[in-house]
Amino acid sequence: MRTDYCGKLKKDDLDRDVTLCGWVHRRRDHGGLIFIDLRDVSGLVQIVFDPERSGEVHTIGHSLRPEDVLQIKGKVAPRPAETVNPDLATGEVEINVAAVDVLNRSETPPFSVEERGDVDDNLRLKYRYIDLRREEMLDNLLLRHRVSRSARKFLDNNNFTEVETPVLTKSTPEGARDFLVPSRLQPKKFYALPQSPQLFKQLLMISGLDRYYQFAHAFRDEDLRADRQPEHTQVDMEMSFMSEAGIMGLLEDLMLVLFDEVLGVALEKPFPVMTYDEAILRYGSDKPDLRFDLPVVDASAIFRGSEFAVFSRALSDGGTVRAIRAPGAGRFTRREIDEHTDFALSQGAKGLAYLIIKEGLEVQSPIAKFLSREELSQVLDATAAEAGDIIFFVADTVDVAVEVLGALRPRLAAELELVEPGWSFLWVTDFPMFKLDADSGQIAAEHHPFTLPTAETVAFLEDEPLKVRGNLYDLVLNGVEIASGGLRIHKPELQRRILAILGHEDHQMERDFGFLLEALKYGAPPHGGLAFGLDRLVMLMAGLSTIRDVIAFPKTQSGGCPLTGAPAIVDVRQLKELKIRQ
RNA sequence: GGGGGCGUAGCUCAGUCGGUUUAGAGCGCCGGCCUGUCACGCCGGAGGUCGCGGGUUCGAGUCCCGUCGCUCCCGCCA
């Protein structure tokens, strides 16, 4: 139907007779000459309807409206020098329309394809096919495609085999809430949609596949966030006979290739590495954003026995006083400081103390009168604070103090414009194997129960499980967790011990994980792997703040699809077939 | 489950302490004029269940209660 794409035409094409197809983007009707920007996937080109060339064609041109679909034939012509548009890739040429075929008319769209600024999310999703016509959204899909293509090529070059694993699978008690699918052939039983292909990829290693990958959809029935959807895409990998360092190095190579091929950015490897404990203590987060420093400082030693009871009491109760220096925050208004206090309270702190540092290192603060000269000078020393800064304090248990300041950290950096542009990768390693579940008081897996404990800590398994570290590594980019992986257990005895610590009785173990325990008996190789979140990575590469904008048809925060109406009530007949209703 | 923000024309928004008339603006839409525009320009016009339901009041877009939708966050989760 066409000879060329609109956005590709250049001076090289002058005098060629071309046939183009596309949408009316904009129309500038001068009564005589009519200019239309014709749009297809490649971009825009100006087409010209001249009444002196053909009255009939010109009349059609006059009737055209945005989003009408055209096929046009015409000659590529140079634009008069003074009318060249340097803002348009095709701005040196235009098409003199000789014939036009209106392939389809469009009603006035509910919002404009050339709309600048935000449109209501619900409306965008209801008319997603129009939303995706917008240049920015189309670019996002094309970027995602280029990332996928580069990743596939890299994995293929590195001897990975793509294997599809089931979407209808078995619910397991660990991890997130499952999406369930009722079975018709086996009434009252349910499949679960996979939270990840974790066990299948381990089984593929036991199958001797050596290296596996898959662009896997992962489903989790939990509440949504800007960076969380009920289904997301993982680029899932697993390898046999590989060390932790080998697996991490391979993902670094993959990231280098992606950033080079897709963005033309040269990353440097190896990426910095930090243990989980370091990350938590220094930055109050297991995914710290290192585009800025703002470390959390331990001020406990300074305030032991302080007259300021809030601090000294927290310390005598076995807690801590932690501080963070906010450079230049002295210009914060009282109201802005209060907002940070409210945020700290929302994160679980009992309060947020602060010192405003004035010229000559004088201190202004509601708590200053409780602090000695000596304490103040030591705090200024410990935080390297200067005039114009604020030092924020949280006195609490170590966990709370560090996490509250860790949550405050990126907010301060953003407000104080301390975020350096760039790509800050960071490996966080040596995660704990287990955590104490706050509600039940039970031991729970930090990642999942198939992780290989480190050789140094495996001895603590039965007596002090919270001391046990896993061979686990997360890759963080600009404060966003984009990949997560680890070495897996390949011996059935150890796998049983881990499950037992997590409270699984023998019969539950057999029921839930019997197939894995069985498979591990038959020569399972040492193996490990990781998965990176394609949506999040593409979001960051596109400079966006929500993965919805890199997913063609995402869900709203309440899990709905305004376009299709999913989820929806189903016919009673269907429920009867499933034996869910009589 | 909890906290915050938003909901007024097709879109994006303004609407003051509850009372100035018929709820406005920009864009879009419709009609007219216009032969070098490119966010074309000029003239004219249409377009409103102020999300929905109650309540308070002489009077509600504005206040109160409930509810629905979108969104950000906590919990949860990756």
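Naming: A, B, ... by sequence-line order, numbering from 1 per chain.
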What's the closest nucleotide to the E52(A) side chain, out of C70(B), C38(B), U35(B)? U35(B)
If you measure from the P atom in U35(B) to the same atom in G48(B), how many Å do you get, rounded? 35 Å
Round to the nearest Å and state the distance from H62(A) atom NE2 to C40(B) atom P. 16 Å
Would you please say whether a donor-acceptor pair under 3.5 Å links the side chains of T275(A) and E278(A)? yes
Go through U71(B), C11(B), C38(B) for me and flag the one nearest to the F111(A) side chain. C11(B)
For C63(B) versus C58(B), give the span between their C1' atoms, rounded off to a whole number of Å. 16 Å
With D221(A), which residues qualify under salt bridge (Lys or Arg N to Asp or Glu O under 4.0 Å), at least two apart? none
Establish, from distance only, whether the side-chain atoms of R28(A) and Q46(A) form a donor-acceptor pair under 3.5 Å. yes
Scan every strand shown for a Watson-Crick or G-U wobble partner of G10(B), both distances under 3.5 Å, and answer none if you come up empty. C27(B)
Quick one: which protein N/O atoms are closer than 3.5 Å to N/O atoms of nucleotides 75-78 of chain B? Pair and distance per line, please.
from   : atom 1 : to      : atom 2 : distance (Å)
G75(B) : N7     : R225(A) : NH2    : 2.8
G75(B) : O6     : R225(A) : NH1    : 2.9
G75(B) : O6     : R225(A) : NH2    : 3.2
G75(B) : N1     : D223(A) : OD2    : 2.7
G75(B) : N2     : D223(A) : OD2    : 3.4
C76(B) : O2'    : E222(A) : OE1    : 2.6
C76(B) : O2     : R228(A) : NH2    : 3.0
C76(B) : N3     : R228(A) : NH1    : 3.1
C76(B) : N3     : R228(A) : NH2    : 2.8
C76(B) : N4     : R225(A) : NH2    : 3.4
C76(B) : N4     : R228(A) : NH1    : 3.1
C77(B) : O2     : R228(A) : NE     : 3.0
C77(B) : O2     : R228(A) : NH1    : 2.7
C77(B) : N3     : R228(A) : NH1    : 3.1
A78(B) : O5'    : R220(A) : NH1    : 3.4
A78(B) : O4'    : R220(A) : NH1    : 2.4
A78(B) : O3'    : E481(A) : OE1    : 3.2
A78(B) : O3'    : E481(A) : OE2    : 2.9
A78(B) : N6     : Q229(A) : N      : 2.8
A78(B) : N6     : Q229(A) : O      : 2.6
A78(B) : N1     : H232(A) : ND1    : 2.5
A78(B) : N1     : H232(A) : NE2    : 3.2
A78(B) : N3     : H232(A) : NE2    : 3.0

Would you mind pulling out the nucleotide paired to C38(B), Watson-Crick or G-U wobble, both distances under 3.5 Å? none
What pairs with F513(A) under ring-ring contact (aromatic ring centres under 6.0 Å, His included), at least two apart in sequence or on another chain? F450(A), H504(A)
Results of side-chain contact (heavy atoms from CB on, under 4.5 Å) for Q557(A) - residues two or more places apart only: L224(A)
Can you figure out which of U71(B), C38(B), C40(B) approaches the side chain of H30(A) most closely? C40(B)
Within 45° cone and under 6.0 Å: R411(A) NZ/CZ vs F343(A) ring: yes
Watson-Crick or G-U wobble partner of G75(B), both distances under 3.5 Å: none
Side chains of D29(A) and H62(A): donor-acceptor distance under 3.5 Å anywhere? yes
Residues passing the side-chain contact (heavy atoms from CB on, under 4.5 Å) test with Q234(A), sequence neighbours excluded, are S196(A), P197(A), A218(A), R220(A), H232(A), D236(A), A531(A)
Taking atom types as they are modelled, would you say the side chain of E339(A) forms a donor-acceptor pair with the base of G4(B) within the 3.5 Å cutoff? no
I need a per-nucleotide contact map over nucleotides 41-48 of chain B, read 5' to 3'. Cutoff is protein heavy atoms under 4.0 Å; write B for the base, S for backbone only, - otherwise. --------
When T556(A) and R79(A) are each assigned the nearest nucleotide of RNA chain B, the 5'-most assignment goes to R79(A)
If I take atom CG in residue L125(A) and atom P in nucleotide C11(B), what distance separates them, rounded to the nearest angstrom? 15 Å
Options U71(B), U35(B), C38(B), nucleotide nearest the side-chain atoms of R28(A): C38(B)
Between Q195(A) and H448(A), a side-chain donor and acceptor under 3.5 Å: no
Whole-Å distance between U37(B) C1' and F35(A) CZ? 5 Å
Could you give the distance separating G1(B) and G66(B) at their P atoms, to the nearest angstrom? 16 Å
Is any side-chain heavy atom of L20(A) less than 4.5 Å from a side-chain heavy atom of L38(A)? yes
Nearest 0.5 angstrom please: K201(A) NZ to E238(A) CD, how far? 4.5 Å
Using purine N1 to pyrimidine N3 plus N6-O4 or O6-N4 for Watson-Crick, or N1-O2 and O6-N3 for G-U wobble, each under 3.5 Å, what pairs with G66(B)? C52(B)
Pair assignment for A60(B), Watson-Crick or G-U wobble, requiring both distances under 3.5 Å: none
Can you find a donor-acceptor pair, distance only, under 3.5 Å between N85(A) side chain and C38(B) base? yes
Here the distance between atom P of A39(B) and atom CD of E135(A), to the nearest Å, is 13 Å
Rounded to the nearest angstrom, tell me the gap between atom CZ in F49(A) and atom C1' in G36(B). 16 Å
Using atom types as modelled, flag every donor-acceptor pair under 3.5 Å from a side chain in residues 429-436 of chain A to any protein atom, sequence neighbours excluded.
none

If you take any heavy atom closer than 4.0 Å to RNA chain B, which residues from residues 560-570 of chain A end up in contact? none
Nearest whole Å is fine: how far is A39(B) P from Q46(A) CD? 10 Å
How about Q202(A) and H527(A): does a side-chain donor come under 3.5 Å of a side-chain acceptor? yes
Once you apply the 3.5 Å cut-off to both distances, tell me the Watson-Crick or G-U wobble partner of U21(B), or none. none
Find the distance N122(A):CG to C11(B):P and express it as a whole number of Å. 11 Å
Residues forming a side-chain hydrogen bond (donor to acceptor under 3.5 Å, both in side chains) with E222(A), sequence neighbours excluded: R177(A)
Atom CZ of R411(A) to atom C1' of C72(B): distance rounded to whole Å? 10 Å
Residues forming a side-chain hydrogen bond (donor to acceptor under 3.5 Å, both in side chains) with D68(A), sequence neighbours excluded: R105(A)
Touch class at under 4.0 angstrom, heavy-atom based, for S196(A) against every strand present: nothing
Under the rule for ring-ring contact (aromatic ring centres under 6.0 Å, His included), what residues qualify as partners of F200(A), not counting sequence neighbours? none
Would you mind telling me which residue lines up with the more 5' stretch of RNA chain B, P80(A) or D120(A), judged by nearest nucleotide? D120(A)
Base, sugar-phosphate or nothing for R124(A)? Non-hydrogen atoms, less than 4.0 Å. nothing
Each nucleotide N or O in nucleotides 28-30 of chain B that has a protein N or O under 3.5 Å away: list the pair and distance.
from   : atom 1 : to     : atom 2 : distance (Å)
C30(B) : OP1    : R65(A) : NE     : 2.9
C30(B) : OP2    : R65(A) : NE     : 3.4

